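Owing to the predicted nature of the structure, the values given are computational and were not obtained by experimental measurement. The figures here come from the full heavy-atom set of this structure, side chains too, leaving out hydrogens, waters and symmetry mates.
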Amino acid sequence: MNTNSPVYNIYSPELIDFTAVGVEFATLVETPTEARELVLGLLQILPRLYLQTMRLPEYLYSPEEDYIEEYITEYGYERVRGALADVLGEQDTFLRLSAEDAQGEQTPTLSFISECLADVYQHVGNLLGIVKERNELALPAAIGRCLALFREYWGEQLLTAQMAMHRLYVQYQSEHDDAEEDAYQED
């Protein structure tokens with residue numbers, strides 16, 4: 001296992017802060033209630049999760065050398081993805097611009113908030129599992145893996161879900177404002 005920080009300092013304030021926000025995130029996506037409440041809660045948690053991930057201490061991770069147990073199985077991923085899709089319903093889908101093609105054009109593709117969030121859940125949950133088990137030997141590499149995958153993949157998934165949910169938030173606010181205006185006009 002490769003580390004560039006001593007193991008005795010593994011439970012840093014940054015890891016503790018990440019763990020607290022990660023547990024809050026996992027709890028919300030594991031037991032979603034209704035769409036509006038879910039979106040509003042996630043819009044408060046996701047920026048904090050992004051920030052706390054960026055603050056994690058740097059550890060080296062080598063996929064060839066470091067075996068790290070996976071705590072979020074395919075079943076767990078699908079359970080969360082399905083629950084989120086059920087709660088969000090038609091609001092789960094959004095268009096995402098794909099990478100530029102040879103002519104420099106971007107093509108919109110159909111994407112799902114539930115998949116973006118389940119991806120984030122899987123990677124956050126895997127690190128939370130190592131923390132929960134207090135596996136101090138695997139923890140440095142697990143932090144390194146979490147950071148590497150955050151930079152390569154799930155950080156963007158988090159931001160993409162946040163952007164799609166921002167649109168829902170604006171829609172909810174507009175509906176709320178319209179309802180208030182209708183109630184005012186009735187009085």
Side-chain angles (χ1 to χ4, degrees), residues 1-32 38 41-85 96-100 109 111-166:
M1 177 184 330
N2 297 318
T3 66
N4 55 6
S5 293
V7 172
Y8 65 83
N9 191 25
I10 196 74
Y11 295 105
S12 66
E14 294 83 7
L15 179 60
I16 292 167
D17 292 344
F18 170 87
T19 301
V21 174
V23 166
E24 190 178 347
F25 166 75
T27 301
L28 186 57
V29 298
E30 287 173 347
T31 56
L38 175 69
L42 285 168
L43 284 174
Q44 293 175 27
I45 293 171
L46 290 176
R48 293 176 22 232
L49 181 59
Y50 190 92
L51 174 64
Q52 294 306 330
T53 304
M54 288 177 48
R55 293 182 63 232
L56 284 172
E58 292 287 337
Y59 288 96
L60 297 177
Y61 165 68
S62 169
E64 295 82 27
E65 295 177 25
D66 299 317
Y67 170 77
I68 302 166
E69 187 173 352
E70 299 284 333
Y71 283 85
I72 306 301
T73 63
E74 190 64 30
Y75 171 78
Y77 173 93
E78 280 301 321
R79 183 180 50 79
V80 165
R81 189 207 54 74
L84 292 169
R96 172 194 271 183
L97 292 177
S98 63
E100 292 182 3
T109 57
S111 296
F112 301 90
I113 294 171
S114 59
E115 286 183 9
C116 292
L117 293 173
D119 288 340
V120 173
Y121 169 77
Q122 184 174 33
H123 296 288
V124 170
N126 282 333
L127 180 52
L128 292 177
I130 300 286
V131 171
K132 182 180 178 183
E133 294 293 322
R134 300 188 64 83
N135 186 342
E136 294 180 3
L137 292 176
L139 193 51
I143 293 169
R145 175 181 71 176
C146 185
L147 277 171
L149 294 173
F150 168 76
R151 291 176 183 133
E152 292 172 16
Y153 180 68
W154 72 264
E156 187 174 321
Q157 292 291 84
L158 182 153
L159 294 172
T160 299
Q162 186 174 345
M163 186 172 57
M165 287 187 298
H166 173 72

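- Under a cutoff of 6.0 Å and an axis angle of 45°, R134 and Y11 form a cation-pi pair.
- For R81 against S114, the heavy-atom pair with the smallest separation is O-CB, 3.5 Å.
- Separation of atoms CD1 (I113) and CD (E115) is listed at 11.5 Å; rounding is to 0.5 Å.
- Residues G41 and L28 share a closest heavy-atom pair of C-CD2, 3.7 Å.
- When all heavy atoms of D17 and Q52 are compared, the closest pair comes out as CB-OE1, 3.2 Å.
- No donor-acceptor pair closer than 3.5 Å links the side chain of N135 to the backbone N or O of I130.
- Inter-residue side-chain proximity for L147 and Y59 is flagged as unmet; no heavy-atom pair is nearer than 4.5 Å.
- Residues N126 and I68 have side chains not in contact (no heavy-atom distance under 4.5 Å, counting atoms from C-beta outward).
- The environment of E78 atom CD is dense: over 12 non-hydrogen atoms of other residues, nucleotides or ligands sit within 6.0 angstrom.
- Put simply, the side chain of V80 does not reach to within 4.5 Å of the side chain of L117, judged on heavy atoms.
- With contacts defined as side-chain heavy-atom distances shorter than 4.5 Å, the pair Y121/E30 qualifies.
- Residues V120 and V29 have side chains not in contact (no heavy-atom distance under 4.5 Å, counting atoms from C-beta outward).
- Put simply, OG1 on T160 and CG on D119 are 10.0 Å apart, with the number rounded to the nearest 0.5 Å.
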Is there a side-chain contact (heavy atoms from CB on, under 4.5 Å) between V124 and T53 once you walk through the steps? CA-CA 9 Å; V124 170; T53 304; 5.6 Å; no
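- Classification of E58 and R151 as a salt-bridged pair holds, one side-chain N sitting under 4.0 Å from a carboxylate O.
- M54 pairs by the side-chain contact (heavy atoms from CB on, under 4.5 Å) definition with Y50, F150, not counting sequence neighbours.
- Residues M165 and C116 form no side-chain contact, since every pair of their non-hydrogen atoms from C-beta on lies 4.5 Å or further apart.
- Among all heavy-atom pairs drawn from L56 and E14, the shortest one is CD2-O, 4.1 Å.
- The CD atom of Q44 lies 14.0 Å from the CG atom of L49; values are rounded to the nearest 0.5 Å.
- The shortest side-chain heavy-atom distance between I143 and C146 does not fall under the 4.5 Å cut-off.
- Atom-to-atom distance recorded for R79:CZ and E74:CD is 12.5 Å, nearest 0.5 angstrom.
- Taking CE of M163 as the reference point, atom CD of E156 lies at 9.0 Å (rounded to 0.5 Å).
- By the 4.0 Å N-to-carboxylate-O rule, R145 lies too far from D66 to be salt-bridged with it.
- Taking CD of E133 as the start and OH of Y71 as the end, the distance is 4.0 Å to the nearest 0.5 Å.
- Ring planes of W154 and H123: parallel class, angle under 30° (limits at 30 and 60°).
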